[in-house]
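Read through the structure below, which is laid out as structure tokens, and then see the notes.
Proteins get letters first, then strands, A, B, ... in listed order; numbering begins at 1 in each.
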Amino acid sequence: MSNPYRSHTCNDLRATHAGQTVRLAGWIHNKRDLGGVLFIDLRDHYGITQIVIPPTAGFQDTLSHLPKETVISVHGLVRPRPEGTVNPNISTGEVELDVQGYDLLGSCQPLPMNVFPEDHTPEETRLKYRFLDLRRTKLHQTVMLRAKVISSIRRRMIELGFQEFQTPILTSSSPEGARDFLVPSRLYPGEFYALPQAPQQFKQLLMVSGFDRYFQIAPCFRDEDGRADRTPGEFYQLDVEMSFVTQDDVFAAIEKLMIPLFTEFKAEWPINATPEGAFVRIPYKESMLRFGTDKPDMRIPFEISDLTPLFAKSEFKAFAGKTVRAFAVPQAFDQPRSWFDNLQEEAKKLGAPGLAYVKAEAMLSPESTGGYGIKLSGPVSKFLEKDPEVYAGLVALIAASTAYDPANKLSYLDRISPTVIFFSADANETKAAKVLGAMRVKIAEQLNLIEKNVFKFAWIVDYPMFELHEETKAVEFSHNPFSMPQGGLEALEKQDPLTIYAYQYDLVCNGYEVASGAIRNHRPEIMYKAFALAGHDQTVVDTEFAGMINAFKYGAPPHGGIAPGIDRIVMLLADEHSIREVIAFPMAQNGRDLLMNAPSPVSEKQLKEVHLTIRKPVPKV
RNA sequence: GGAGCCAUAGCUCAAUUGGUUAGAGCGCCUCCCUGUCACGGAGGAGGUUGCGGGUUCGAGCCCCGUUGGCUCCGCCA
């Protein structure tokens with residue numbers, strides 16, 4: 001009846017247990033052999049207990065030679081630690097176990113990495129021996145945090161009136177979006193299932209079926225390459241869909257989830273929500289201008305300004321007639337030349353011709369305008385000084401970017417602190433914006449200007465419904481083809497497609513896209529029209545989205561939803577910068593599982609069963 | 001598909017411009033030590049410098065290729 005391995009966990013014993021005979025089981029965390037007495041820290045999931053093996057015990061020498069991470073079970077007498085030897089760092093530190101006997105439950109070979117102490121270890125080793133890495137306190141607790149976050153999300157979603165559903169894992173390939181993972185069919189030679197990129201169509205069908213409020217912690221599969229914040233292959237979404245809602249209703253529901261959730265796990269980090277509990281909303285176009293990205297990190301204290309009009313007729317050929325964006329960073333003023341050179345290289349890697357900058361500081365200029373002015377220096381300063389209009393524009397930018405209190409009657413000169421203005425110019429507006437957006441983050445990281453211990457959320461709204469294909473110049477969907485265009489059918493019929501916005505939105509936090517969603521297009525006639533504008537006729541919709549468009553013809557409610565990324569939420573709450581730190585068994589960046597050796601070849605028999613022959617790529621000569 | 005960075009003992013790192021026998025800490029092994037908790041002390045084993053080629057009197061260091069990992073671009077409706 002009693003458990004053969006343990007009567008208590010390694011976090012149970014307190015002074016009140018003194019005198020009891022107990023049994024503990026766990027890993028040998030650390031050993032201290034003092035010659036006479038032997039101390040072993042025994043560790044399990046719950047904690048650490050010090051066990052003591054006296055010299056009189058016949059097995060002391062054997063235990064002393066068991067390597068770290070051996071699994072043992074010990075029994076003995078709980079006793080208070082002698083005066084002055086209490087360890088306040090562990091919760092069981094008032095007591096120790098006087099061991100009377102032990103069982104060896106799992107022996108341990110020489111370790112490829114230390115579990116304790118938690119030395120820095122290359123990620124390759126950590127991924128290959130993930131089961132050891134997961135024993136270490138840091139990762140063990142992150143994985144526990146993830147478990148608690150998911151549990152909290154489930155509880156909160158149910159409290160908010162949502163129901164959890166399952167949807168198929170083996171489904172059909174969808175022509176839009178990322179590359180699919182395919183699963184060959186045994187019963188239907190030459191046909192394939194696809195793993196879902198998201199349960200998108202299923203959750204919409206659940207709304208058509210009248211279920212009203214759906215959620216699921218859903219695995220999503222996309223055959224795309226990894227990044228620091230994106231796993232290759234698979235990830236988890238909190239998939240959400242609601243009927244009879246507007247965009248505002250979806251926002252309100254998610255705000256009611258996210259703010260309490262983030263507060264539960266990081267109470268000490270402020271969240272930039274209104275007193276009513278709403279996140280700021282930023283239109284997509286505005287975000288691209290102010291931050292050069294649609295996932296702005298608003299912890300960075302400087303923003304981008306548009307200087308295009310200033311240079312419209314400039315003689316400075318590098319800027320003239322192009323989209324010119326700029327930001328000022330006072331903290332960069334004292335950086336060495338090599339630092340600026342390095343930034344140039346970074347900008348070039350992003351496809352920019354370079355990164356123009358000019359140093360600016362206040363000066364007394366008795367000769368010219370009114371006794372003060374801005375002195376410019378640096379590689380392009382002479383081009384910028386020449387044009388009075390450009391010069392005035394830069395002065396305005398500097399004044400605006402320099403922190404000062406307007407009520408304080410400081411002189412103009414005092415308000416201007418030395419600063420550096422960085423420029424990006426490109427004939428392509430998007431490219432000019434994106435390059436400077438990337439440099440904004442890079443510079444803020446390098447100069448340590450990103451505000452710490454804070455969550456800055458924003459809704460990015462009003463995504464364009466359509467955009468021009470870069471090469472063909474054809475109109476195509478810019479995001480989700482299932483989104484409802486703002487203005488409905490009338491907008492599609494009368495407006496220039498490129499001016500139509502979609503009810504499509506992202507939630508961003510600290511520079512990460514944490515959720516993406518839309519109010520869906522549930523009206524077949526609007527769907528056909530939207531696809532027609534993107535160059536697809538009705539048969540394309542009817543064949544490729546047959547299940548959904550068909551359902552919409554039998555009474556579909558207006559509906560919309562969103563899908564927050566679970567991995568990224570945990571990443572933010574764990575204050576980690578690599579998504580692999582919040583996943584128990586992540587793949588390496590190249591999509592390989594170093595622990596399980598996936599992907600791996602399969603037998604000829606297995607291939608035959610699913611009617612496949614392998615066509616290997618021809619090696620390059 | 002492309003670019004950059006990294007690879008030295010089981011692990012973390014060192015090794016001046018290319019120059020003697022490639023070092024240290026942790027871990028491991030042996031021994032000493034009865035109150036430690038990152039215990040302490042003495043000694044020892046452990047290396048084809050990821051792999052293949054090249055330059056050189058001489059390569060851990062320079063060059064080319066390759067493998068693996070990371071970061072980024074493309075990709076991510």
Side-chain angles (χ1 to χ4, degrees), chain A residues 29-42 48-56 60 64-65 67-69 81-90 92-93 96 108-129 132 174-180 197-198 200-201 220-233 235 342 345-346 348-352 431 434-435 438 441-442 463 465 467 470 476-483 502 504 513 516 518 531 534 544-545 563 565 577-578 580 587-590 592 594 617 619-620:
Chain A
H29 185 66
N30 199 18
K31 294 180 292 185
R32 292 173 296 279
D33 186 348
L34 272 61
V37 68
L38 167 66
F39 296 103
I40 290 177
D41 292 332
L42 196 67
I48 287 177
T49 301
Q50 173 168 280
I51 66 175
V52 187
I53 300 94
T56 48
Q60 194 204 44
S64 174
H65 285 87
K68 286 187 183 186
E69 297 307 309
R81 292 199 188 188
E83 187 83 26
T85 64
V86 166
N87 184 351
N89 298 321
I90 56 175
T92 60
E96 61 194 11
C108 184
Q109 294 181 11
L111 294 164
M113 60 186 274
N114 289 337
V115 173
F116 176 83
E118 294 184 27
D119 294 332
H120 179 259
T121 308
E123 196 165 6
E124 192 176 349
T125 309
R126 293 179 53 206
L127 291 175
K128 196 169 171 185
Y129 296 94
L132 293 178
S174 151
E176 295 289 328
R179 209 173 286 118
D180 281 317
Q197 298 189 17
Q200 183 65 37
Q201 295 191 54
C220 303
F221 306 92
R222 297 177 190 174
D223 189 359
E224 296 299 334
D225 294 343
R227 287 287 186 279
D229 67 344
R230 196 176 80 195
T231 51
F235 60 98
N342 180 264
E345 292 306 311
E346 295 287 346
K348 280 179 189 165
K349 278 184 202 165
L350 297 173
K431 212 166 140 193
K434 283 186 175 175
V435 167
V441 174
K442 180 129 272 175
Y463 277 82
M465 184 83 192
E467 64 189 10
E470 204 156 309
E476 58 178 15
F477 289 113
S478 65
H479 289 277
N480 188 331
F482 308 132
S483 300
Q504 159 90 40
E513 178 195 316
S516 187
F531 272 80
E544 295 184 344
F545 307 106
H577 297 93
S578 165
R580 292 180 298 278
M587 287 194 275
Q589 183 177 250
N590 58 7
R592 282 203 169 273
L594 302 177
K620 283 186 289 185

Practice task
Would you name the heavy atoms of A:P82 and A:E96 that are closest together and state the gap between them?
Solution key: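 Distance-wise, the nearest heavy atoms are CD-OE2, 3.9 Å.
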Problem - Contact summary for A:D33 and A:G35, nearest pair of heavy atoms - result: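 Smallest interatomic distance, heavy atoms only, reads OD1-N, 2.9 Å.
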Nearest-Å distance, [atom1] ([X]) to [atom2] ([N])?
X: A:N590; N: B:G2; atom1: CG; atom2: C1'; value: 16 Å
X: A:M587; N: B:C76; atom1: CE; atom2: P; value: 18 Å
X: A:Q589; N: B:C5; atom1: CD; atom2: P; value: 16 Å
X: A:F221; N: B:C75; atom1: CZ; atom2: C1'; value: 19 Å
X: A:L350; N: B:G2; atom1: CG; atom2: C1'; value: 14 Å
X: A:R81; N: B:C39; atom1: CZ; atom2: P; value: 13 Å
X: A:L34; N: B:U36; atom1: CG; atom2: C1'; value: 5 Å
X: A:F116; N: B:C28; atom1: CZ; atom2: P; value: 12 Å

Taking the [atom1] atom in each of [N] and [M], what is the distance between them to the nearest angstrom?
N: B:A3; M: B:G54; atom1: P; result: 25 Å
N: B:G40; M: B:G47; atom1: C1'; result: 30 Å
N: B:C11; M: B:U48; atom1: P; result: 12 Å
N: B:A14; M: B:G25; atom1: P; result: 16 Å
N: B:U56; M: B:U17; atom1: P; result: 23 Å
N: B:G50; M: B:G10; atom1: P; result: 13 Å
N: B:C72; M: B:G44; atom1: P; result: 47 Å
N: B:A45; M: B:C13; atom1: P; result: 26 Å

Practice task
Please answer whether the main-chain N or O of A:S64 pairs with a side-chain N or O of A:K31 as donor and acceptor at a distance below 3.5 Å.
Solution key: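 Checked: pair present.
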Practice task
Test salt bridge (charged side-chain N to carboxylate O under 4.0 Å, His left out) on A:D180 and A:R222 and set out the steps.
Solution key: CA-CA 6 Å; A:D180 281 317; A:R222 297 177 190 174; over 6 Å; no
Can you find an N or O donor on one side and an acceptor on the other, under 3.5 Å apart, linking the side chain of [X] with the base of [N]?
X: A:N87; N: B:C37; result: yes
X: A:R580; N: B:C70; result: no
X: A:D225; N: B:G74; result: yes

Problem - Criterion side chain to side chain contact (heavy atoms under 4.5 Å, CB included) on A:L38 and A:V52, from CA distance to verdict - result: CA-CA 6 Å; A:L38 167 66; A:V52 187; over 6 Å; no
Practice task
Counting heavy atoms from C-beta on, name the nucleotide in B:G69, B:G35, B:G10 closest to the side chain of A:L594.
Solution key: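 The answer is B:G69.
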Exercise for the section: Mind running side chain to side chain contact (heavy atoms under 4.5 Å, CB included) on A:Q504 and A:S478 for me, showing each step along the way? Expected result: CA-CA 10 Å; A:Q504 159 90 40; A:S478 65; over 6 Å; no
Is there a Watson-Crick or G-U wobble partner for [N] with both distances under 3.5 Å, and if so, which one is it?
N: B:C70; result: B:G4
N: B:G52; result: B:C64
N: B:C33; result: none
N: B:A24; result: B:U12

Remember a base hit wins even if backbone is also touched, and classify [X] as base, sugar-phosphate or nothing at under 4.0 Å, heavy atoms.
X: A:D33; answer: base
X: A:I90; answer: nothing
X: A:Q197; answer: nothing
X: A:P110; answer: nothing
X: A:R126; answer: nothing
X: A:N114; answer: sugar-phosphate
X: A:E123; answer: sugar-phosphate
X: A:E96; answer: base
X: A:E124; answer: sugar-phosphate
X: A:R230; answer: base
X: A:I48; answer: nothing

Problem - Approximate separation, where rounding is to 0.5 Å, of A:F116 CZ and A:I48 CD1 - result: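 Taking CZ in A:F116 and CD1 in A:I48, the distance rounds to 7.0 Å.
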Practice task
On RNA chain B, check which nucleotide each of A:A228 and A:E224 is closest to and give me the residue with the more 5' one.
Solution key: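 Closest to the 5' end, via its nearest nucleotide, is A:A228.
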Exercise for the section: By nearest nucleotide on RNA chain B, pick out whichever of A:R592 and A:F39 is the more 5' one. Expected result: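 In this pair, the answer is A:F39.
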Practice task
Evaluate side chain to side chain contact (heavy atoms under 4.5 Å, CB included) for A:E476 paired with A:E467, printing each intermediate quantity in order.
Solution key: CA-CA 6 Å; A:E476 58 178 15; A:E467 64 189 10; 3.8 Å; yes
Practice task
Hey, can you tell me if A:F531 and A:F477 have their rings parallel, tilted or perpendicular (30° and 60° cut-offs)?
Solution key: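 If you compare the ring of A:F531 with that of A:F477, the planes turn out perpendicular.
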Hey, does the side chain of [X] come within less than 4.0 Å of [N]'s phosphate (OP1/OP2), counting only N and O?
X: A:H65; N: B:U30; answer: yes
X: A:R227; N: B:C75; answer: no
X: A:R32; N: B:U36; answer: no
X: A:H120; N: B:C11; answer: no

